[in-house]
Asks: 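Here it is, the structure in full.
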Amino acid sequence: RLRQRDGSYRWILARAAPILSDNETAVRWSGTITDVDDSHRHSESRELLALELSHRIKNIFAVISGLISLTARSRPEAAEFAQELNNKIRSLGRAHDFVRPINNDKGDSLHGLLEVLMKPYADTEKERVTVEGDGIMIGVKSATPLALVFHEFATNSVKYGALSVPEGKVSVSLTRGTRSDSDEECAVIEWQESGGPVPAADGPQQPDRTGFGTRLVEMTVTGQLRGQLLREMRPEGFMARLTVPLSAL
């Protein structure tokens with residue numbers, strides 16, 4: 001900021017470059033001072049509005065979670081479903097914090113988002129959950145559907161898969177590739193479990209299972225993310241591969 005003759009202050013953008021002599025000594029400077037006060041204040045206003053909206057959205061998550069909990073108290077038969085729904089809402093809240101934080105620590109990588117989402121299930125001493133691979137950038141529009149998908153994978157793993165036993169592990173790999181039906185550049189996200197119990201023939205992680213969670217994941221991947229989903233039960237454990245266009249992220 002520069003103080004004006006009338007005593008007020010305005011934001012300016014100052015730029016300068018040296019003019020050098022033959023022996024590389026600066027003999028004078030040439031530069032400009034541009035008044036950017038209006039644009040700077042508009043930018044501050046937009047940032048303040050974004051923070052306010054982020055705060056209100058966080059409050060909406062909290063209100064919805066509270067209403068679910070209150071309803072479940074009067075309906076014990078729905079307690080399990082209410083808990084599962086609240087867990088999904090918390091997962092969405094973590095995704096929102098990652099891309100639209102209240103503070104300035106904004107995240108923008110798929111690697112970072114997965115680490116945030118999987119933190120509640122991770123054991124740093126045993127490295128039960130690892131995320132490795134290419135750096136892939138994401139935006140606001142893809143954070144929520146990705147959070148839903150990987151929350152569902154983690155929930156099933158805790159209930160029936162690798163994360164249900166102490167020695168089980170989950171590895172998530174991120175690579176760049178192309179879709180099987182086009183040359184469009186995509187992010188390939190592979191979830192692989194190992195060390196878990198032998199899966200039941202009719203268990204929820206079987207590829208042919210069509211429960212609510214499975215339908216939710218398929219609709220999210222193919223609809224919101226415009227991607228492809230492959231689910232397999234391998235000898236080492238459950239595997240899911242998402243192939244999502246980079247343009248959808």
Asks: Between His40, Gln4, Arg10, which is the residue that forms a side-chain hydrogen bond (donor to acceptor under 3.5 Å, both in side chains) with Asp35?
Replies: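 The residue from His40, Gln4, Arg10 that satisfies side-chain hydrogen bond (donor to acceptor under 3.5 Å, both in side chains) with Asp35 turns out to be Arg10.
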Asks: Heavy-atom count check: over 12 atoms from other residues, nucleotides or ligands less than 6.0 Å from Glu77 CD?
Replies: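 It does: Glu77 CD has more than 12 such atoms within range.
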Asks: On a heavy-atom basis, which atom in Pro18 and which in Ala26 lie closest, and how many Å separate them?
Replies: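 So the two residues come closest at CB-CB, 4.1 Å.
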Asks: Verify whether one side chain among Ser247 and Arg226 offers a donor that lies under 3.5 Å from an acceptor in the other.
Replies: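 Result is yes, a qualifying pair exists.
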Asks: Would you say the side chain of Leu114 lies within less than 4.5 Å of the side chain of Leu174, judging by non-hydrogen atoms?
Replies: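 A side-chain contact under 4.5 Å exists here.
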Asks: Are Val149 and Trp191 close enough that some pair of their side-chain heavy atoms sits under 4.5 Å apart?
Replies: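 No, every pair of side-chain atoms sits at 4.5 Å or beyond.
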Asks: Do Val188 and Arg241 come within less than 4.5 Å of each other through their side chains, counting heavy atoms only?
Replies: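 Yes, close enough: below the 4.5 Å cut-off.
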Asks: For Asp6, which residues count as a side-chain hydrogen bond (donor to acceptor under 3.5 Å, both in side chains) partner, sequence neighbours excluded?
Replies: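 With sequence neighbours excluded, Asp6 shows a side-chain hydrogen bond (donor to acceptor under 3.5 Å, both in side chains) to Ser8, given in chain and number order.
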Asks: Under 4.5 Å between any side-chain heavy atoms of Glu193 and Leu163, yes or no?
Replies: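 When only atoms from C-beta onward are counted, Leu163 and Glu193 do not touch, as no gap falls below 4.5 Å.
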Asks: Taking all atoms of both residues into account, what is the closest heavy-atom pair of Arg176 and Gly135, and its distance?
Replies: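 Answer, listing the atom of Arg176 first, then Gly135: NH2-O, 3.1 Å.
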Asks: Could you tell me whether a side-chain N or O of His111 sits under 3.5 Å from a main-chain N or O of Val131, the two making a donor and an acceptor?
Replies: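 Yes, because the side chain of His111 sits within donor-acceptor range (under 3.5 Å) of the backbone of Val131.
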Asks: Could you name each residue pair satisfying salt bridge (charged side-chain N to carboxylate O under 4.0 Å, His left out) that touches residues 134-163, not counting sequence neighbours?
Replies: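 Output for this query lists Glu84-Lys159, Lys88-Glu152.
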